[in-house]
Amino acid sequence: MLQILTPEGELVGEPPVDIPMTRKLYRAMVAARLFDRKATAIQKQGRLATYAPFEGQEAAQVGSAAVLRPDDWMVGTYRDAAAMWMQGYPWELLLAGRTGHERGGSPPDYVNVLPPSITVGAHMLHAVGLAWSERLQSSERIAITYFGDGATSEGDFHEAMNFAAVFHTGTVFFCQNNQYAISMGFTGQTATETIAQKAGAYGMPGVRLDGNDLFAVYWAARTAVERARNGNGPTLIEAVTYRLGPHTTSDDPTLYRDEAEVEAWRSRDPLERVRRYLEVNDAWDEEWQKHIEGEESAVVERAVQLAEGLRVPGSDELFDSMFAEPTSDLERQRSLLESEGG
Amino acid sequence: MLQILTPEGELVGEPPVDIPMTRKLYRAMVAARLFDRKATAIQKQGRLATYAPFEGQEAAQVGSAAVLRPDDWMVGTYRDAAAMWMQGYPWELLLAGRTGHERGGSPPDYVNVLPPSITVGAHMLHAVGLAWSERLQSSERIAITYFGDGATSEGDFHEAMNFAAVFHTGTVFFCQNNQYAISMGFTGQTATETIAQKAGAYGMPGVRLDGNDLFAVYWAARTAVERARNGNGPTLIEAVTYRLGPHTTSDDPTLYRDEAEVEAWRSRDPLERVRRYLEVNDAWDEEWQKHIEGEESAVVERAVQLAEGLRVPGSDELFDSMFAEPTSDLERQRSLLESEGG
Amino acid sequence: MPIRTLAQAINEALDIALGQDDRVLLMGEDVGKTGGVFRLSSGLYEKYGPDRVIDAPVAESGIIGTAFGMAVAGMRPITEIQFMGFSYPAYDQIVSHVGRIRNRSRHRFTAPMVIRMPFGGGIGAAEHHSESTESIYAHTPGVKVVVPSTPYDAKGMLLEAIDDPDPVIFLEPIRLYRSVKEDIPEGSYRVPLGLARVLAAGDDVTIITYGAMTAAARKALAILSQEGVSAELIDLRSIVPLDLDTIVESVQKTGRAVVVHEAHRTAGFGAEVVAQIQEHALFSLLAPVQRVTGWDTIVPLKLAEHHYVPTADRIVAAVGKTLEE
Amino acid sequence: MPIRTLAQAINEALDIALGQDDRVLLMGEDVGKTGGVFRLSSGLYEKYGPDRVIDAPVAESGIIGTAFGMAVAGMRPITEIQFMGFSYPAYDQIVSHVGRIRNRSRHRFTAPMVIRMPFGGGIGAAEHHSESTESIYAHTPGVKVVVPSTPYDAKGMLLEAIDDPDPVIFLEPIRLYRSVKEDIPEGSYRVPLGLARVLAAGDDVTIITYGAMTAAARKALAILSQEGVSAELIDLRSIVPLDLDTIVESVQKTGRAVVVHEAHRTAGFGAEVVAQIQEHALFSLLAPVQRVTGWDTIVPLKLAEHHYVPTADRIVAAVGKTLEE
Ligand SMILES: Cc1ncc(C[n+]2csc(CCOP(=O)(O)OP(=O)(O)O)c2C)c(N)n1
Ligand SMILES: Cc1ncc(C[n+]2csc(CCOP(=O)(O)OP(=O)(O)O)c2C)c(N)n1
Ligand SMILES: [Mg+2]
Ligand SMILES: [Mg+2]
């Protein structure tokens, strides 16, 4: 398992980024954690429908998204808010999906990130088609797709991997093996020791790495993205990580795992090891920490306000969003709703 | 690639069966070929709907089915008539599906072979459930499933392999890699060199062998079946073989492959090498060949008569075959058909 | 008789079935250790063990396809699809195999299995979690499709479904899991499949519905009765097979009907009910049968969901239309 | 104007679209080297190469799911599912993604793509090869569902579908591929989606159908006219959206209607048509609308298929019933 930065913050390999860049990525991880905790908190207040926290997976998401070009495609899940935000998806829209507003699925024009996928598995195929399409249009854009350990059991994972390998698409398959699919532990999901080895079934390279190690993630993602961009085809990356929180805010993880296991993974926290590394390199102090936390908190607060301030969608939006032009069927239904006083 | 008997009929390993058994299996292959050619011939006369010939794949089917117990489960495809017949599915019923009679899907009580699967991929899951069910009922029955190279691209292949490995079911996955899925050559189907290596994605053993070599097939199938029966879980077998005929009688293979390729594979004929081996061992002569051909032809002829003589299903059979008891919906529809003079 | 929610009633039925018959097993995502995302199978994993209450990998086709094989070889699998919106990856298995094996083999092989699916909206859930696409299953030959809306029916129908010699799709209205309660018998009892239930008798109009929409319809009844309109309320309970007699008898009496479902309108099951009414009771109709339905749109997320899921007010308005003529 | 079969008309439309617009591509099993199992894309692989006419692995979800991604990123994929009965593994992609992305993203992302499927029976094919489950797609929000029955319509509608900004399911009646021929324009022309076509005018009864059943209906018309019955024949051509005006106008004129399809009866699209007629023209009806349909059974194999697929005689009998009242 590839590792560059140990949980203690010691280098055991060549760091893929310099100190200023490491500070930037660290700050992004701090921002992501603040967002995640804020979202969890306001969900408890009933201001969001269920929320799927990603605490513990910040290095995997931030480190991998950091290597993309701004116009690359990203297709992730309900748990990949940090990666999507890195690629330009505003926090407020990532929240809006959870306040129950479809507007949340509509990132700005220049952001090539599909709305978070709720179905498990299907979206990986989309990333294959996106990258394929770009190549056919002679563009250099690649596509990265995020998914979990559970998703590898779906047939669509298989079809996506196979199509990507056969048609040699510029797709990076980034699996966050966070050890659980809701209550199902990794060993119940597959009889293999790793997810990375599944790449062999497709004639694709597979890489396994410490997903809580920002540097290992960054290095492997950069390698895979370059490979994809150069027309050398897809890669499967398995980032071994852990979901420290519940599956979603409706989940009760005590039903299926021990606190001791969680504690063991807490000591492998992806932020803490980078903090130590920066500290040793005189690039971190309490003051800066407070400063960035203050700034990023303000951004998150503002995002919450924006999300909650979005105009509530009226019924017209319903009928107007299905096709470029509503069909006659939908126009009839619109009148019917009116006539029923709805 | 495992091989025991070369195309020239020379042993390069230990034969898994003795001479009398080899004669029995050879005779079964001869019978299968006669059936296959007869079916193709009567299809040309319009007496069958399309037919999917298996010429060239006799060793794969006969050799693997020969290792089963009579009550083991078998789940195969439209091209696996020889294997099914080996397991007790009467030739006449295998024809009846093609004369357009549902009765063809109904083997005798004691034959645990599901009707030939027309959908590609889905049936492999059934073999997982069958074997699983037997284990839960403390029975020693195992399940073998036959499928092609094309089928490995379907999501259900993946889900079946994964469930079998995770739940450790007594399932043998027998892939006849006959190089084509209709017009799609093997190299367009997957980017891997082999199908056997896909087993690694599931933590399952995978074996690749010369599928035109009766002995290699027999040996590997026996090993896998024993493994399954002993509770040691599933195996993937890739039998490398070739479909000498068209995909079905409606197919025109000249559109996608060269005659030279076909000729090369003809020289690897699965029957001929066993014949040579038997001949060298004084266990084959022209006379015996004529004798068995005569007898097996008669059996096939009789099967054609039986299939064509089956009572044509009336409309009642339609409504009576959907549920144990027709529902009220179906009873209404039955009356309606009558009232419409249908 | 103890008071039970619909969720508890299902739990009891599962417990009884697993306890009575070794061939019965439950399989689905998270049904074991956690008792399922709705906790409907709570306690059963501990009681019957991992061979009988099976936590499956995240693969719906795998769940239905292997359960199908199990059923063919003599087990009685009950499968849980976490939400109806996640049943589509298993759709091919259901249409192409589960509903066909008896016909394909002329009764030689059968697949007695239950496919449970929580369905319907109204709880402000995430996308795909509010689906109500029962009509696609109603259009699938070889499977029965039933929908209890009370704890009593849920328990009795589930036990009946498990014993049915054919596959049964068992739809569970999410919104009613914990919002309806009633006294139900302890132990085993049966409610036959295929029979509707008249929840309230009335003379002026027939309201026909099923699932969570029975709750909206009950509210509508209360409003209507204040307005002096006497409505008969039919809970179909089973859409395949359909209890046509109960429907036709009622419409012949009232001369007016409103069919309510939260499914999309076009080719929703309401169309079938309307078609049957007009085939069998056209000349009793005093006004066109009205359909109160979800729209041909995606079920909206929380903030706009009320524009989609039928409400008591929309039902009342539709009844009003039938009374205009 | 050259005489073309429906199959040739489709081939021409594909050729024109591939020739005119680099974003257009065709993907499916065996569509390339062999030109597809029905040879509808013959010659196109040679002409446009493997990047534009793509032989896909045997994986329907893969085909639709990757084509969806391609469409989102600017291509105009035309996918071929070999037979409608093999579309079910892709059902989840269609319901959960193809039909939803525009709504999910509030127009930010769209998936303009065509999903072609040969459908219907009557040719004594193997199991799964005679499916006609269009109503499940009609019940799927966000996709249009169209069904040409003539070479002229096939070409013009396919070109229109390829240009449509939204996903279109394009159903091709297998039985008509080579059995209907007519003069059609060379080059490009369009037939708008969503409009029915009156194939024959009449006064006594309206027969409403689509796909291969137009052929049976035409035969029925011939028989009826000998019996002195003047029937109007409507080919819906599009089931989503539905051209309600044409239907209602005709039924208001004739007072009688028969809806014909080869799909299973329960929750088939005929139910929707009947429901719409009774909603919009109840008081014009002189008799219950009749549905002549396939049954809630598996489509039988060759020997018994004629008990299933509607025939001219069954249509005539149903017309007779409407005239009895
Ligand atoms: C097709 C489908 N099946 C089931 C679900 C319900 N579900 C939501 S998340 C989840 C577990 C996914 O686990 P994993 O892929 O490991 O991702 P993680 O949640 O751990 O990030 C399941 C089963 C779903 N959303 N989609
Ligand atoms: C789900 C599904 N998709 C497509 C088809 C059409 N089809 C029939 S056979 C075939 C090729 C299968 O190839 P392979 O698995 O290699 O088996 P072989 O025919 O070579 O024995 C295809 C695509 C089908 N029957 N089922
Ligand atoms: Mg996970
Ligand atoms: Mg093959």
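Protein chains get the first letters and strands the later ones, always in sequence-line order, with residue 1 at the start of each.
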Open item on the list: Which atoms of Ala67(C) are under 4.5 Å from chain B, going by heavy atoms: the side chain, the backbone, both sets, or neither?
Closed with: neither
- [ ] Against chain B, work out which of Asp164(C), Ile101(C), Asn103(C), Leu25(C) has the most heavy-atom pairs shorter than 4.5 Å and name it.
- [x] Asn103(C)
Task: Spacing of Glu102(B) atom CD and His107(C) atom NE2 [to the nearest 0.5 Å] - done: 11.5 Å
Open item on the list: The test is side chain to side chain contact (heavy atoms under 4.5 Å, CB included); show your working for Leu125(B) and His97(C) and say whether it passes.
Closed with: CA-CA 11 Å; Leu125(B) 278 164; His97(C) 299 286; over 6 Å; no
Task: Pro165(C) versus chain B, the contacting section by heavy-atom distance below 4.5 Å - done: side chain
Open item on the list: Show the nearest heavy-atom pair for residues Gly62(C) and Glu159(B), with the distance to one decimal.
Closed with: N-OE1, 2.6 Å
- [ ] Under 4.5 Å, heavy atom to heavy atom: which of residues 322-333 of chain B reach chain C? Give them by number, or say none.
- [x] Met322(B), Phe323(B), Ala324(B), Thr327(B), Ser328(B), Asp329(B), Arg332(B)
- [ ] Flag the one option from Leu93(B), Val128(B), Thr169(B), Val111(B) with the top tally of heavy-atom pairs under 4.5 Å to chain C.
- [x] Val111(B)
Task: Portion of Val240(C) that has a non-hydrogen atom of chain B nearer than 4.5 angstrom - done: both
- [ ] Check each atom of Asp92(C) against the heavy atoms of chain B and say whether the ones under 4.5 Å are side chain, backbone, both or neither.
- [x] side chain
TODO: Please flag which part of Ala56(C) lies under 4.5 Å from any non-hydrogen atom of chain B: side chain, backbone, both or neither.
DONE: both
- [ ] Check step by step if side chain to side chain contact (heavy atoms under 4.5 Å, CB included) holds for Val72(C) and Trp73(B).
- [x] CA-CA 11 Å; Val72(C) 168; Trp73(B) 287 101; 4.0 Å; yes
TODO: Answer with side chain, backbone, both or neither: which region of Asp320(B) has an atom nearer than 4.5 Å to a non-hydrogen atom of chain C?
DONE: backbone
Task: Spacing of CZ belonging to Phe109(C) relative to CG belonging to Leu130(B), to within rounding of 0.5 Å - done: 8.5 Å
Task: Which atoms of Pro108(B) approach chain C - backbone, side chain, both or neither, heavy atom under 4.5 Å - done: backbone
Task: Per-residue contact mode, Glu279(C) against chain B (heavy atom under 4.5 angstrom) - done: neither
Task: Interatomic spacing from CE in Met70(C) to CZ in Arg135(B) - rounded to 0.5 Å - done: 8.0 Å
Open item on the list: Looking at chain C, which one of His158(B), His126(B), Glu317(B), Arg141(B) has the largest number of heavy-atom pairs inside 4.5 Å, strictly under?
Closed with: His126(B)
TODO: Verify, without hydrogens or angle tests, whether Arg108(C) (side chain) and Pro107(B) (backbone) share a donor-acceptor contact under 3.5 angstrom.
DONE: yes
Open item on the list: Would you compute the distance between atom CE of Met27(C) and atom CH2 of Trp132(B) and round it to the nearest 0.5 angstrom?
Closed with: 4.5 Å
Open item on the list: Applying side-chain hydrogen bond (donor to acceptor under 3.5 Å, both in side chains), can you list everything that pairs with Ser61(C), at least two apart in sequence or on another chain?
Closed with: Asp156(B)
